[in-house]
Amino acid sequence: MDFEIPENLRMITDTVRRLVQRELEPISRQVEEQDHIPESVVQTMRELGLFGLSIPEAYGGLGLSTLGECLVYEELAKVNACFRNRIATNNGIGSQGLVLDGTEQQKQRYLPRLASGQWIGCFALSEPGAGSDAAGVQTTAVMEGDHWVLNGRKHFITNGDIADLATVFAVTDRQKRAKGGITAFLVERSFAGYQVGTIEKKMGHRGSHTSELIFDNCRVPAENVLGGPSMVGRGFQSAMKTLDKGRLTIGAAALGAAQRLLELSLDYAKQRVQFGRPIAEFQSIKNMLADMATEIYAARQMLHHAAWLRDQKGTAVIKEASMVKLFCTNMAGRVADMAVQIHGGMGYMQEYPVERFYRDLRLTRIYEGTDEIQRLVIARELLKE
Ligand code: COS
């Protein structure tokens, strides 16, 4: 067994760590207040290739392994969730369908634009009536001549307001639903009938928007069925495969945030004096620090192993991906709670970043599959075995 992180991955992680320290950390508060990432920073992220981390080199990306992508997200998540969110749809749910199932022509048309960050991708699955029950989507697609006509409303779409390309899941056969009746479409923003709806107001993740997407007789050329004609009716399977990787990368984001919260808590406990001594000298604080570090250590081994497994086995890490998301995000929630407790009243103030991490981390237990869905998936896989 070799637990050493390969040299090439350490180099890219170091580069991202420097970006975080020099450029992202200094503007994190401004981004929070303005709910906006400055274009100059987005441009730096483009130049470093961050929009194409996981897109194969043949299509202009860096072609990083799953482990490499997770390591980058750990670093980015140490500063502010919005920075990972900005690049995550291009690397994850907004491009993985294409990487895994796209035709060669589709890959050549779209992946280089997503890898460069010239275009933003998004994943349009969720609807008001279809969250955990993803197969319950109501958006329809009907064939008319050489086009599909889409009608419906999606919501909670990360980067929906800025996306140039959406992978949209629509019902093509009501009877078959998840088993042959949902199709994925590659829908460009410029297609007639494509509209961005309301930008939703959230508890956190400021600087990263989610919005509605509305399809009103949106005409999509037949060649834009993800994966081509043979994939009509196979969109649900594509979505599930895509989410498997997404679940690992959310685990990585939660882990990075937890690591930062531990570091902030260690610093604060050493410098905050009460009853004449630094609070780090009190047993109750030491216990929390020890628990935080132990949980982070366990989560890191689990995430890195599952990412490595995906790199060895291809996509078949359904159970492990759900386990990682469930454990890492809940772990980070517990760590955030302890970090607020260690910081006391200061932990509740916007002046300190722990308050923001506490809010931002709450979403990780919900998006790309709730805790409850992860448990359902894990149990189903166990029972199959
Ligand atoms: N990888 C590949 N295929 C998968 C899969 C996976 N991880 N999970 C399911 N499938 C396939 C099944 O094999 C089946 O295919 P076949 O028809 O070829 O046999 C098909 O998908 C239907 O699967 P299933 O019957 O399990 O579907 P369910 O409706 O029971 O749904 C859950 C399964 C609940 C797991 C799914 O709806 C889910 O993940 N929900 C959460 C969605 C989510 O994360 N939403 C967040 C917003 S998206 S950012």
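This structure is a prediction, so every number in the text was calculated from the model and none was measured. Counting starts at 1 for both ligands and their atoms, in listed order.
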Can you name the side chain to side chain donor-acceptor pair (under 3.5 Å) partners of T198, sequence neighbours left out? E212
Applying ring pair (Phe, Tyr, Trp, His ring centres under 6.0 Å), can you list everything that pairs with H36, at least two apart in sequence or on another chain? none
How does the hydrophobic cluster around I55 look, that is, which other residues are in it when side-chain heavy atoms under 4.5 Å mark a link? Y59, L98, V99, Y110, L111, L114, W119, L165, L186, L226
NZ/NE/NH1/NH2 to OD/OE distance under 4.0 Å, R334 and D337: no
Lys/Arg-Asp/Glu bridge criterion (N-O < 4.0 Å) met for E355, R359: yes
Option from T140, T172, N224 for which side-chain contact (heavy atoms from CB on, under 4.5 Å) with W148 holds: T172
Using heavy atoms and a strict 4.0 Å limit, residues surrounding ligand 1 turn out to be F123, L125, S126, G131, S132, A134, A135, A178, K179, R234, F236, Q237, M240, K241, L243, D244, R247, I318, E368, G369, I373, V377, R380
